[in-house]
Amino acid sequence: MTTFKIAVFDGDGIGPEIMAPTVELLRKICALSDAFDLEFTSLPAGAGHYRDHGVALPPASIAAARTCDAILLSAMGLPDVRYPDGTECVPQIELRMELDLYAGVRPVFVQPGQDVPLKSERVSEIDFVLVRESIEGLFAPSGASEQIGDTEARETMVITRDVSEKLFDFAFKLAQRRKETGRGIGRVTCVDKANVFPALAFFRKIFNERAANFPDIETQTAYVDAMALWMVQRPWEFDVLVTENMFGDILSDLGAGIMGSLGLAPSADIGDDHAVFQPCHGTAPDIAGKGLANPMAMILSAAMMLEWLAQSSPITELQDFGETLRRAVSDVLVAQEHLTADLGGTANTDQVADAVLAAFRARLS
Ligand code: ATP
């Protein structure tokens, strides 16, 4: 029996409400396996922690997270808790920087039973992954933000060869895995604005250089403005998209919009040594404390975690359980019996998580 250590950040707002049933669900799933177990360690961080203790991401929490095999993180941030410069308290971004999590993985897929805003017979074919560079670009800590009196403000976009090469290799390997499992056609599209910004022309140049090492994968390039249009007009045509941090930030919300609800959009931030799995949505202060939060994005992020752990482990059950958990969420969507209000249902958070567990068990038996 192999035990994986999982760091857990409960977060703020609806964060703890969706994390608790997800951890409970994972515990019950592990009990069905003779091959692996998960050991959870809860770590403090978040906007609430900043308000109460003056620090959003305690160094001790980072140190403890570093010793774990994977990190589960719920949403963080509260609208009324700000740093002295007025910016929002978002420790998850600090964690990305601290742990060098350069690849933000944002899957966009439509499962049977999912009610989506796009009306086309082909919506059920939507299944692509947006890979968002996550530690530099327009968010780079080394890129100076400058305020010149009250007349001008500047930001700097930073693209480095080192991070870009790792990012593109990650995207190409992801496309290879998706091709092998029949989920993708084996194509990576570099999304940039290489026609205007030299930094992004450099980004595209490195993309083309790295592509030469992956002859089995098709490549494409696209400008980000066109991509926003195509993601609405023909999202079923894409496989893996790779892009700069800020563009990825915006396009991943568009991706969540395509899926019909933020409550269904999972994500992962992956580096060479660590990985964080968290829902795409924020802390939803408008529904916090009411039991209305949809836990599916958190559960799907946990499924991604199992599949990621499987990549460096001989335990095949990790991959099987990850896939089965994803399909169990789909079963609950199709059944339409236990859905939260964002999906038109009346179920509470725990009832949805219980329904996913029941669907998981049904699939295993
Ligand atoms: P952030 O800037 O941190 O991403 P935000 O304010 O842009 O946060 P969210 O907190 O994600 O966005 O909330 C946007 C809307 O989506 C809100 O109306 C919220 O209630 C809803 N929402 C977000 N997550 C969920 C969820 N898990 N279940 C149900 N509704 C959700």
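In each ligand, atom 1 is the first atom listed, and ligand 1 is the first ligand listed. All values below come from the heavy atoms of this structure, side chains included, with hydrogens, waters and symmetry mates left out.
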* Can Arg210 be said to sit on top of Phe203's aromatic six-ring, NZ or CZ under 6.0 Å from centre and within 45° of the ring axis? -> no
* Asked: Would you find a donor on one side and an acceptor on the other, under 3.5 Å apart, between the side chain of Glu323 and the backbone of Leu325?
  -> no
In a simple table, one pair per line, please give the protein and ligand 1 atom names for every N or O pair closer than 3.5 Å, along with the distance.
residue	atom	partner	partner atom	Å
ligand 1	10 (O)	Thr283	N	3.3
ligand 1	10 (O)	Ala284	N	2.8
ligand 1	11 (O)	Gly282	N	2.6
ligand 1	18 (O)	Asp286	OD2	2.9
ligand 1	20 (O)	Asp286	OD1	2.9
ligand 1	20 (O)	Asp286	OD2	3.0
ligand 1	24 (N)	His281	ND1	3.4
ligand 1	27 (N)	His281	NE2	3.2
ligand 1	27 (N)	Asn294	O	3.0
ligand 1	28 (N)	Asn294	N	2.9

* Cationic N near anionic O, under 4.0 Å, Glu98 to Arg66 -> yes
* Structure fact -> Rounded to the nearest 0.5 Å, the CD atom of Gln351 sits from the CG atom of Leu339 at a distance of 11.0 Å
* NZ/NE/NH1/NH2 to OD/OE distance under 4.0 Å, Glu136 and Arg96 -> no
* **Sidechain N-carboxylate O distance under 4.0 Å for Lys5, Asp37** => no
